[in-house]
2 protein chains.
Amino acid sequence: MGLSERKEREKAELKELILDAAKRILLKNGKEGLSIRKIAHAIEYSPATIYLYFPDKDAILHELMEIGFGLMSKYLVPAFAEQDPVQRIHAIGKAYAKFGMENKDWYDLMFNSEKPMKHIEKCAEEWDQGMAMFNFLTASCKQAIDLLGLKGIDERILALHFWSTVHGLVNLAHSDRLEIIERNQTRQLIDKTLEAAMASIFRI
Amino acid sequence: MGLSERKEREKAELKELILDAAKRILLKNGKEGLSIRKIAHAIEYSPATIYLYFPDKDAILHELMEIGFGLMSKYLVPAFAEQDPVQRIHAIGKAYAKFGMENKDWYDLMFNSEKPMKHIEKCAEEWDQGMAMFNFLTASCKQAIDLLGLKGIDERILALHFWSTVHGLVNLAHSDRLEIIERNQTRQLIDKTLEAAMASIFRI
DNA sequence: AAAGTTAATAAACAGTGTTCATTGAATCCA
DNA sequence: TGGATTCAATGAACACTGTTTATTAACTTT
């Protein structure tokens, strides 16, 4: 019963081929420009073939999302290694924003799309990479709170405050709203605001 | 030369009819469900007719965006009237978040879409309602800074910090990320985080 | 060799935004 | 009034989109 080993390997290989093509098209044409038909054309198969390997387009986007977290961790790992929790949080914020600014389409897929995570039961499992990052941030916040002797502050709320600030900045930048506030200063605005957030949150 | 007054009035009337239908469809079917063909069907005209009154779909979305700012101001006006600048900023944040949570599609159109504002030269003019709101927030921040005697703080950065926090929260809520962090607590998370932001920013 | 299995596909369906030649009715002018 | 002109409205087409299904063709098993 079941597929022979060779069959399974071939199936996995074509799945990988599809994802690779999807990745390339995402990088070249953006989220809007990514279509089943373009993927099919890129790998020289018919569009219908894609549906033998993925139930629908959302499934492909979801797998891309997980690849995106892999990319993002390259930005975050050095920040995670920072000894001082306050500096670590700052470094995480800067790395997060850098990833967001340099990988708009990935970021959109990972943090702004609701489609690839329709059912909350599933997404709690499937967004585990995102959750792991948030939990690490929360733990760092707890350390910072203890270190600075801040009282009556919930580390989860603190982490959420920090995350939403950076997430908000990245999204405002992506939709060109920061450009409206001050032309050609987007990066500086993000850096300065991040510093101001750190200063006010940790009362430096 | 030029259109007679009656002609112009008729033209404006049909334009209004199109926008009204677009508004209804946006509210019922969301941003994705809003199509030229559905608008045409709703007003019982052919799709091609729409293009006699608007250059393209983006132009319609842009006009809807301006209508959205009208809706939003209903939420914000009471907050704007608040006497104490610190409480005013808090009230603005709460009203902004309330609008965002209760009007997802409008919010998306006004703050997350880049399409309706392709050229930055234009959008500086055409996003003037958004800019006016941000400038008012900045002015309130300046007042709060003076009132509390905070030193070395740029009111523009402070306003941006506050805006990006609330914007980030609303977007995280819209993409169900807050639901992942803590199930069925989205509203409370937003309120608490907003309070924490106020406390840390103004050192209460 | 015949039967069974299955990967791949062509074609279709129901949508999308947008363009353009044609129609038909209202307006203008002689 | 009659003919010319103008122009709003449209049907039909183009090039796309995601997805489904019956059919083909190749490979595997008996």
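Throughout, protein chains are lettered first and strands after them, A, B, ... in sequence-line order, and every chain is numbered starting at 1. Just so it is clear, the values below take in all heavy atoms, side chains as well, and ignore hydrogens, waters and symmetry mates. Please read all numbers here as calculations on a predicted model, not as lab measurements.
Nucleic acid contact for A:Ile39: none, since no nucleic acid atom lies under 4.0 Å from a heavy atom of the residue.
Side-chain N or O atoms of B:Arg177 include one that pairs as donor or acceptor with a backbone N or O of B:Ser175 at under 3.5 Å.
Within the model, atoms CG of A:Leu137 and CG of A:Leu158 stand 8.0 Å from one another, a figure rounded to the nearest 0.5 Å. Atoms CG and OG, on B:Asp176 and A:Ser113 in that order, are 10.5 Å from each other to the nearest 0.5 Å.
Test B:Asn171, B:Leu160, B:Asn112 against A:Leu172 for side chain to side chain contact (heavy atoms under 4.5 Å, CB included) and you get one pass: B:Leu160.
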Quick tally for nucleotides 10-22 of chain C: nucleotides whose base has a protein heavy atom under 4.0 Å get B, sugar-phosphate-only ones S, the rest -, giving B-B---BBBBB--

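Under the 4.5 Å side-chain criterion, counting only non-hydrogen atoms from C-beta, B:His167 is in contact with B:Tyr96.
Distance, A:Leu52 CG to C:dT6 C1': 10 Å, rounded to whole Å. Between B:Ile50 atom CD1 and D:dA8 atom C1' there is a gap of 13 Å when expressed in whole angstrom units.
Between its two ends, the helix from C:dA1-D:dT30 to C:dA30-D:dT1 turns its axis by 30°, counting five pairs per end and rounding to 10 degrees.
Classified by interplanar angle (parallel below 30°, tilted 30° to 60°, perpendicular above 60°), the ring pair B:Trp163/B:Phe134 is tilted.
Considering only side-chain N and O atoms, B:Tyr53 lies nowhere under 4.0 angstrom from the phosphate OP1 or OP2 of D:dA8.
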- [ ] Begin from the C-alpha positions of B:Met72 and B:Trp106 and carry the test side-chain contact (heavy atoms from CB on, under 4.5 Å) through to its verdict.
- [x] CA-CA 9 Å; B:Met72 189 180 194; B:Trp106 288 113; over 6 Å; no

